[in-house]
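First up is the structure itself, then whatever we jot down about it.
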There are 2 protein chains.
Amino acid sequence: MNFNHLRSFYYVGKYLSFSEAAKNLYISQPTVSIQVRKLEEDLQTKLIEQLGKKIYLTDAGKRLYNYASEIFKLTREANLMINDISDFNIGQVLLGAGTTAGIYLLPELLGSFKAEYPKVEIKLQIGSSKYIIQRLLDNEFDFAVIGEGLVIDLDLISQSITKDELVLIVSPNHPLATRHAVSILDLCNETFILRERGSSSREIFENAIVKNNIKINVAMEFNCVEAIKKAVAANLGISVVSNSSLKLEKQLNVVASLKIKDLDLMRNIYLVYHKDKEFTNIIKNCIRYITLGIEN
Amino acid sequence: MNFNHLRSFYYVGKYLSFSEAAKNLYISQPTVSIQVRKLEEDLQTKLIEQLGKKIYLTDAGKRLYNYASEIFKLTREANLMINDISDFNIGQVLLGAGTTAGIYLLPELLGSFKAEYPKVEIKLQIGSSKYIIQRLLDNEFDFAVIGEGLVIDLDLISQSITKDELVLIVSPNHPLATRHAVSILDLCNETFILRERGSSSREIFENAIVKNNIKINVAMEFNCVEAIKKAVAANLGISVVSNSSLKLEKQLNVVASLKIKDLDLMRNIYLVYHKDKEFTNIIKNCIRYITLGIEN
DNA sequence: CCTAACTATAGATATTTTCAATGGTTCTCT
DNA sequence: AGAGAACCATTGAAAATATCTATAGTTAGG
């Protein structure tokens with residue numbers, strides 16, 4: 001079934017006139033006549049009958065007209081949908097993030113982005129950097145925000161959008177809590193509660209430790225920063241977490257945070273995306289919001 | 001929105017492969033590539049993204065795919081509908097009839113026609129010949145069966161398919177009931193109950209009367225043969241009705257039917273249709289059923 | 001009966017579709 | 001790592017289709 005022919009037929013059915021149909025299709029009347037005839041030949045069915053000068057739809061014509069009507073209505077709706085996307089009246093941003101970025105950096109930024117584009121769906125999925133990278137390769141995210149530390153696949157492009165410092169946290173009751181300075185060697189005798197391998201914080205910290213030929217004692221691994229902070233607060237061990245995750249804990253003095261002398265725990269936060277990805281406008285806008293907003 | 005382009009896009013979305021789409025569309029792969037690109041240019045929206053070798057639909061692509069899916073489903077259904085018509089699995093016969101034909105001749109025939117084409121709708125509308133002719137000119141019937149007697153419009157074609165005799169009916173108690181022969185002059189002193197003007201029986205009878213320079217006394221006009229027979233049975237008057245309407249009444253002896261000497265009340269029953277009408281197969285079959293069946 | 005309105009036809013032109021051939025990537029398997 | 005297969009994009013030519021103008025043929029209405 002040829003849709004140009006169907007459209008001509010539909011207009012003839014609508015106006016019950018070939019010339020009126022042609023006018024409204026902005027084509028010539030003979031074209032309409034030919035197209036309708038071709039449709040009839042194609043279907044081997046008379047669709048239109050002309051009694052004297054008047055035009056009527058046959059039974060088959062009436063039935064087909066109803067189908068055509070629905071088809072062209074759907075077409076109009078599809079066009080509106082496309083316009084809605086470019087007007088940001090619909091759309092989506094599929095976003096992956098590592099734990100730190102997803103929990104402590106992005107929510108606020110995404111909130112204000114959403115305020116400007118209220119009709120756009122934002123789907124944020126938080127996971128370990130390793131997991132996020134895998135999902136990026138499967139094109140399940142438009143882009144992602146993760147911490148430095150993992151080998152990034154060659155098919156992915158990453159660019160630093162801010163820096164984030166990891167700090168040592170201890171219970172206020174812990175001996176280190178009152179120390180002005182902590183050195184690398186102070187860490188050797190401590191019990192650590194760390195994030196799992198594959199998380200950016202863990203990789204960064206572990207790499208730094210290894211570079212200094214130090215061995216530490218990891219008692220527990222949690223895949224959740226909040227759980228780690230609770231455990232540290234209860235003095236079950238000490239940890240190294242993103243400074244940006246400690247706002248409330250510092251205010252309420254539930255943990256003490258310290259810098260470790262001679263250990264560079266500053267890491268980059270990367271915006272990562274597939275090298276072949278072409279961003280739509282809404283994604284570009286979202287990235288702009290994040291990259292500009294994250295610096296403050 | 002070009003539907004060829006949309007179809008190519010739809011198949012690419014379905015198989016997530018240009019070459020597979022081409023195979024299933026029975027066209028070459030470059031054609032598919034070009035069509036999809038043109039659709040994207042037309043909509044000014046990326047629909048498909050290619051990451052490495054894998055193909056994905058964009059957000060807009062996914063949404064459009066759903067519309068396309070519905071559109072092509074409707075198209076398939078429309079094609080099936082057309083096939084159903086030619087297979088007589090659906091269809092309709094719009095039929096007009098005069099009172100005699102509609103009530104006494106057609107029902108049985110239409111019943112056996114319906115038995116052979118059970119899925120086909122038969123819509124029979126009974127009315128005065130005058131009314132039926134008007135509706136034929138408005139193309140509200142595929143064809144009609146009416147009695148002779150009215151001037152048929154030049155735009156209509158009529159062909160005789162059977163003959164039908166009008167006979168005089170009187171109450172069994174009426175003096176004429178026992179008479180062997182009734183002459184035209186016997187009618188002068190009687191009270192008649194006849195159909196309304198515009199009905200074939202009335203026109204036929206009245207023309208015959210006028211031709212013989214006779215005047216009769218019409219006491220009542222009913223637009224219903226059954227009502228007339230009841231009135232005649234009650235001896236409220238006498239009438240002239242189609243012989244074919246009297247089967248039961250003769251069996252039960254509620255009226256007596258008589259021929260009038262020297263008065264030709266044989267009339268043709270016509271099949272009538274618009275001169276420009278092209279009959280579909282189901283209509284042709286229905287006409288065949290009626291023309292063949294009505295002779296017995 | 002004449003005119004205006006409408007659809008069909010014809011012939012020419014423009015556009016679109018389509019293909020085969022080929023080039024450039026990407027992926028996979030050795 | 002490198003060869004080969006699979007896949008999509010590009011090109012240029014040919015075929016098919018769509019479209020137009022001009023005009024003929026009908027019909028409806030004054």
Side-chain angles (χ1 to χ4, degrees), chain A residues 1-42 46-58 61 134 137-139 153-157 274-278, chain B residues 1-42 46-58 61 134 137-139 153-157 274-278:
Chain A
M1 175 128 45
N2 179 307
F3 281 84
N4 275 337
H5 300 173
L6 187 66
R7 171 171 278 127
S8 283
F9 160 74
Y10 174 67
Y11 272 71
V12 172
K14 191 170 170 182
Y15 296 104
L16 293 175
S17 153
F18 284 73
S19 45
E20 197 61 28
K23 248 181 236 167
N24 286 278
L25 284 164
Y26 302 103
I27 58 178
S28 71
Q29 167 264 313
T31 303
V32 174
S33 298
I34 291 169
Q35 302 226 25
V36 170
R37 190 175 56 219
K38 283 190 176 159
L39 182 62
E40 289 184 328
E41 284 166 5
D42 177 32
K46 263 223 149 299
L47 301 171
I48 284 173
E49 53 186 353
Q50 200 175 346
L51 265 53
K53 206 168 180 174
K54 277 229 178 80
I55 280 172
Y56 302 89
L57 294 182
T58 62
Q134 194 52 53
L137 290 170
D138 292 344
N139 196 33
D153 193 283
L154 277 175
D155 286 343
L156 300 182
I157 293 173
H274 196 287
K275 70 174 168 38
D276 297 340
K277 193 86 183 178
E278 284 186 46
Chain B
M1 175 126 46
N2 180 306
F3 281 84
N4 276 337
H5 300 172
L6 187 66
R7 172 172 277 126
S8 284
F9 160 73
Y10 174 67
Y11 272 70
V12 172
K14 192 170 171 182
Y15 296 104
L16 294 176
S17 153
F18 284 72
S19 44
E20 198 61 28
K23 248 182 237 167
N24 286 280
L25 284 164
Y26 302 102
I27 57 178
S28 70
Q29 166 262 312
T31 303
V32 174
S33 298
I34 290 169
Q35 302 227 25
V36 170
R37 191 173 56 217
K38 282 190 178 159
L39 181 61
E40 290 184 326
E41 283 166 5
D42 177 31
K46 262 223 150 299
L47 300 172
I48 285 172
E49 51 185 354
Q50 199 175 346
L51 267 51
K53 206 168 180 175
K54 277 229 179 81
I55 280 171
Y56 302 88
L57 294 182
T58 62
Q134 195 51 53
L137 291 170
D138 293 344
N139 197 32
D153 194 285
L154 278 174
D155 286 342
L156 300 181
I157 294 174
H274 196 286
K275 70 173 169 38
D276 297 340
K277 193 87 184 178
E278 284 186 46

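It should be emphasised that the depicted structure is a prediction, and the values quoted were computed from it without experimental measurement.
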Query raised in the report: side-chain hydrogen bond (donor to acceptor under 3.5 Å, both in side chains) with N4(A): which residues, sequence neighbours excluded?
Result: none
**Report entry** Residues that Y15(A) engages under side-chain hydrogen bond (donor to acceptor under 3.5 Å, both in side chains), provided they are two or more places apart
**Finding:** N24(A)
Report task. Check V12(A) against A21(A) and note the closest heavy-atom contact, atom names and distance. Result -> N-CB, 3.6 Å
Taking OP1 and OP2 of [N], is either one under 4.0 Å from a side-chain nitrogen or oxygen of [X]?
X: H5(B); N: dT17(C); value: yes
X: N4(A); N: dT16(C); value: no
X: S33(A); N: dT7(C); value: no
X: S28(B); N: dA20(C); value: no
X: T31(B); N: dC19(C); value: yes

From [atom1] of [X] over to [atom2] of [N], roughly how many Å is that when rounded to an integer?
X: N2(A); N: dT16(C); atom1: CG; atom2: C1'; answer: 12 Å
X: I34(A); N: dA12(C); atom1: CD1; atom2: C1'; answer: 12 Å
X: F3(A); N: dT17(C); atom1: CZ; atom2: C1'; answer: 17 Å
X: R37(B); N: dT16(C); atom1: CZ; atom2: C1'; answer: 14 Å
X: Y15(A); N: dT7(C); atom1: OH; atom2: C1'; answer: 18 Å

Report task. Determine which pairs satisfy salt bridge (Lys or Arg N to Asp or Glu O under 4.0 Å) with at least one residue from residues 11-22 of chain A, sequence neighbours left out, and list them in order. Result -> E20(A)-K23(A)
Protein-nucleotides 21-27 of chain C N/O pairs closer than 3.5 Å?
| residue | atom | partner | partner atom | Å |
| --- | --- | --- | --- | --- |
| dT26(C) | O3' | K53(B) | N | 3.2 |
| dT26(C) | O2 | K53(B) | NZ | 3.4 |
| dC27(C) | OP1 | K53(B) | N | 3.0 |

Query raised in the report: Side chains of L51(A) and Y56(A): closer than 4.5 Å at any heavy-atom pair?
Result: yes
Using side-chain contact (heavy atoms from CB on, under 4.5 Å) as the criterion, list what pairs up with [X], not counting sequence neighbours.
X: K46(B); value: E278(A), E40(B), T58(B)
X: K275(B); value: D155(B), I157(B)
X: I34(B); value: R37(B), K38(B)

Query - Bend angle of the helix from dC1(C)-dG30(D) to dT30(C)-dA1(D), end axes from five pairs each (to 10°) - result: 40°
Query raised in the report: For Q35(B) and T31(B), does a side-chain donor sit closer than 3.5 Å to a side-chain acceptor?
Result: no
Requested in this report: Identify, with sequence neighbours excluded, every residue that meets salt bridge (Lys or Arg N to Asp or Glu O under 4.0 Å) alongside D42(B).
Outcome: none
Query - Results of salt bridge (Lys or Arg N to Asp or Glu O under 4.0 Å) for D276(B) - residues two or more places apart only - result: none
Query raised in the report: Can you pull the contact range of chain B along DNA chain D, 5' to 3', using atoms under 4.0 angstrom from its heavy atoms?
Result: dA6(D) to dT10(D)
